[in-house]
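Below is one structure, written out as structure tokens, with a few remarks after it.
Values reported hereafter were calculated over all heavy atoms of this structure, with side chains retained and with hydrogens, waters and symmetry mates removed.
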Amino acid sequence: MAKQSSAQLFRCYVWLADTIYTAGHITRAEINRKWAQNYSLNELHENAIPERTFHNWIWAIQDLFQINIECSRKLGGAYYIEDAEDLERGGVRQWLINTFAVNNLINESHHLKHQILFEKIPSGQRFLTPIIEAMRDKVQLKMTYHGYHKDHSSTFMVKPYCVKVYRQRWYMLAQSEKPDMIIYALDRIENLETTELSYKLPVDFNPEDYFHSIVGVSDANKRPKFVTIRVNSWQANYFRSLPLHSSQEETERTDEYSIFKYYLVPNYEFKQELRAHGSAVQVLEPKKLADEMKKESEDIANLYN
């Protein structure tokens with residue numbers, strides 16, 4: 001097997017994990033048959049994944065995704081994912097696998113590309129692999145970054161703590177020379193170099209806890225508040241099927257409207273979500289947020305007067 005780039009290897013790991021997960025139990029012969037048919041990843045048209053390469057991928061999947069792949073003698077040497085129910089509960093591992101697996105499938109099915117439409121993700125996705133590898137190896141990155149509101153780019157060291165995707169954009173939460181953790185948009189990264197400088201992840205840091213009280217990526221360090229909104233009965237169906245936040249609770253439901261309550265930071269992204277529903281949504285509490293939404297609505301109306 002020819003030497004592959006980090007990005008190609010990452011796709012191979014996801015392909016193998018998804019192949020085993022989807023099958024439930026699958027033999028090496030069946031895996032090799034699927035590999036032989038994968039013209040997107042299997043550029044050399046090999047009939048089988050080399051033995052050493054196969055086991056290297058298994059170890060890498062365990063290291064990167066914390067997914068243990070086992071071999072069952074009782075099932076004729078079939079491979080399976082241990083504790084597969086963890087993936088079924090959702091989370092970043094399933095999201096990554098689903099996202100890259102679909103991408104691999106589309107690349108294999110060239111004749112279907114025009115029938116499957118996706119929203120474009122900015123080019124920052126190319127930095128995802130080295131960032132994940134840096135988090136795995138606990139090494140710092142030398143990054144050249146051009147912020148949205150900066151006149152020029154700057155280069156500095158960062159310690160990557162976690163990555164998050166929001167509205168088709170990848171973000172990295174990292175510690176730089178500043179005391180506070182900062183969110184960086186991957187599509188604003190101009191260059192990224194892996195260094196040999198190690199770092200330690202704070203023992204009390206939990207990515208899910210860090211972002212728990214917000215929608216999106218901003219103001220995660222602020223204190224959450226109780227927010228109450230009124231949504232007309234027709235639009236309320238969308239809130240029920242896709243809650244704006246994990247704290248969402250429907251406390252009242254009538255033929256005309258529903259009342260939803262949240263406990264979160266009313267940051268920029270949350271207000272954007274509310275504005276997207278127009279006059280179908282009204283903020284009731286807190287008063288400060290209601291006044292802000294009213295003022296912004298008036299400013300928008302004035303643009304058209």
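Among residues at least two apart or in separate chains, salt bridge (charged side-chain N to carboxylate O under 4.0 Å, His left out) pairs with a member in residues 219-229 are D219-K222.
Using a distance-only test at 3.5 Å, with no hydrogens or angles considered, a donor-acceptor pair links the side chain of E269 to the main chain of V217. In terms of modelled atom types and a separation under 3.5 Å, the side chain of T22 and the main chain of T19 share no donor-acceptor contact. Checked by atom type and distance alone, the side chain of Q248 never pairs as donor or acceptor with a backbone atom of H245 at under 3.5 Å. Between the side chain of E51 and the backbone N or O of H55, no donor-acceptor pair lies under 3.5 Å. In this structure, N267 contributes its side chain and S218 its backbone to a donor-acceptor pair below 3.5 Å.
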For Q235 and N237, run side-chain hydrogen bond (donor to acceptor under 3.5 Å, both in side chains): C-alpha distance rounded to whole Å, both residues' side-chain angles, the deciding distance at 0.1 Å, then the answer. CA-CA 5 Å; Q235 201 74 5; N237 290 322; over 6 Å; no
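Atom CG of D151 has 12 or fewer neighbouring heavy atoms from other residues, nucleotides or ligands inside a 6.0 Å radius. Enclosure of atom CG in D299 by more than 12 non-hydrogen atoms of other residues, nucleotides or ligands within 6.0 angstrom is indicated. H212 NE2: 12 or fewer foreign heavy atoms inside a 6.0 Å radius.
Of the N and O atoms on the side chains of S258 and E250, at least one donor lies less than 3.5 Å from an acceptor on the other residue. A donor-acceptor contact closer than 3.5 angstrom links the side chains of E190 and S153.
Each of W15, W35, Y79, F10 was scored for a ring-ring contact (aromatic ring centres under 6.0 Å, His included) with W57, with one residue passing: W35.
Under a 4.0 Å N-O distance rule, the pair E133/K138 does not qualify as a salt bridge.
With ring centers used as reference points, H277 lies under 6.0 Å from F239. For Y262 and F270, the distance between ring centers is under 6.0 angstrom.
Of the inter-residue distances, the one linking L41 atom CG with I49 atom CD1 reads 9.5 Å to the nearest 0.5 angstrom. For the atom pair N302 CG and Y304 OH, the distance stands at 11.5 Å (nearest 0.5 Å).
Relative orientation of the F156 and Y184 rings is tilted, given thresholds of 30° and 60° on the angle between their planes.
Here the closest non-hydrogen pair linking G216 and K164 is O-NZ, 2.5 Å.
With side-chain heavy atoms closer than 4.5 Å counting as contact, directly or through intermediates, the hydrophobic cluster containing L284 also holds Y257, I259. In this structure, L75 stands alone, with no Ile, Leu, Val, Met, Phe, Trp or Tyr side-chain heavy atom under 4.5 Å from its own, directly or through other members.
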